[in-house]
Amino acid sequence: MDNVNTNNSQLSTFWLVDGSYLRLKNAEIGYSLPKRWTQKIKMDKVRIYLTGNNLLLFSPFKLWDPDQNVSGGAAAYPITRTINAGINVAF
């Protein structure tokens, strides 16, 4: 009697998942103060800004980030979210 196990050669969709996603990767918002305000404080330009990277992710897949390079189930560091604020001043 031949003990051939055919379970490993059968086609299956068990490990298939929906990998679609929507990501807000980069965003920046800024405001330049009006000239009449900046001239009163002896400056040419004043700009206030806020930037961000990897701000939002919408995905039905919840195990890890779809952009993350994961192969063979190996753990990887998560993609970081960064938020920066600043002021540009020109005299």
Side-chain angles (χ1 to χ4, degrees):
M1 185 163 161
D2 202 5
N3 289 332
V4 176
N5 185 350
T6 59
N7 288 335
N8 289 336
S9 62
Q10 300 297 314
L11 297 177
S12 171
T13 58
F14 181 77
W15 296 107
L16 291 179
V17 294
D18 182 3
S20 62
Y21 66 96
L22 175 67
R23 175 187 299 278
L24 177 59
K25 192 82 169 173
N26 300 309
E28 180 174 346
I29 187 167
Y31 179 72
S32 295
L33 295 179
K35 279 265 192 207
R36 65 178 193 266
W37 293 3
T38 58
Q39 288 174 344
K40 288 179 184 179
I41 54 176
K42 310 288 189 229
M43 294 181 191
D44 270 346
K45 282 192 220 177
V46 176
R47 183 172 183 271
I48 302 166
Y49 64 91
L50 184 69
T51 63
N53 294 323
N54 300 318
L55 297 172
L56 296 171
L57 174 66
F58 302 100
S59 174
F61 184 68
K62 301 298 181 194
L63 293 178
W64 60 77
D65 190 323
D67 267 348
Q68 197 170 3
N69 186 12
V70 176
S71 60
Y77 291 108
I79 296 174
T80 57
R81 174 180 295 140
T82 56
I83 298 173
N84 298 313
I87 299 174
N88 291 335
V89 178
F91 293 95

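All figures in this text were calculated on a predicted structure; none of them were measured in a lab. In this chain, residues are counted from 1 in sequence order.
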Item to check | Cluster link Ile29 to Leu24, ILVMFWY, side chain under 4.5 Å | outcome: yes
Next on the checklist: With a 4.5 Å cut-off on side-chain heavy-atom distances among I, L, V, M, F, W and Y, is there a chain of contacts connecting Phe91 to Leu33?
Outcome noted: yes
Checklist entry - Are Val89 and Tyr31 grouped together when hydrophobic residues (ILVMFWY) are joined by side-chain heavy atoms under 4.5 angstrom apart? => result yes
Item to check | Joint hydrophobic cluster, Leu55 plus Leu22, side-chain heavy atoms closer than 4.5 Å | outcome: yes
Checklist entry - Which heavy atom in Pro66 sits nearest to a heavy atom in Gly19, and how many Å separate them? => result CB-O, 4.5 Å
Just list the side-chain donor-acceptor pairs under 3.5 Å for residues 40-52, sequence neighbours left out, or say none.
| unit_1 | atom_1 | unit_2 | atom_2 | d |
| --- | --- | --- | --- | --- |
| Arg47 | NH1 | Glu28 | OE2 | 3.4 |
| Arg47 | NH2 | Glu28 | OE2 | 3.2 |

Next on the checklist: Quick check against the 3.5 Å criterion: does Arg23 have a side-chain atom that pairs as donor or acceptor with the backbone of Leu57?
Outcome noted: no
Item to check | Shared hydrophobic cluster, Ile83 / Ile79 (ILVMFWY, side-chain heavy atoms < 4.5 Å) | outcome: no
Item to check | Gap separating the CG atom of Asn53 from the CG atom of Asn84, nearest 0.5 angstrom | outcome: 7.5 Å
Checklist entry - Atom CG in Asn54, atom CG in Asn26: separation rounded to 0.5 Å? => result 7.0 Å
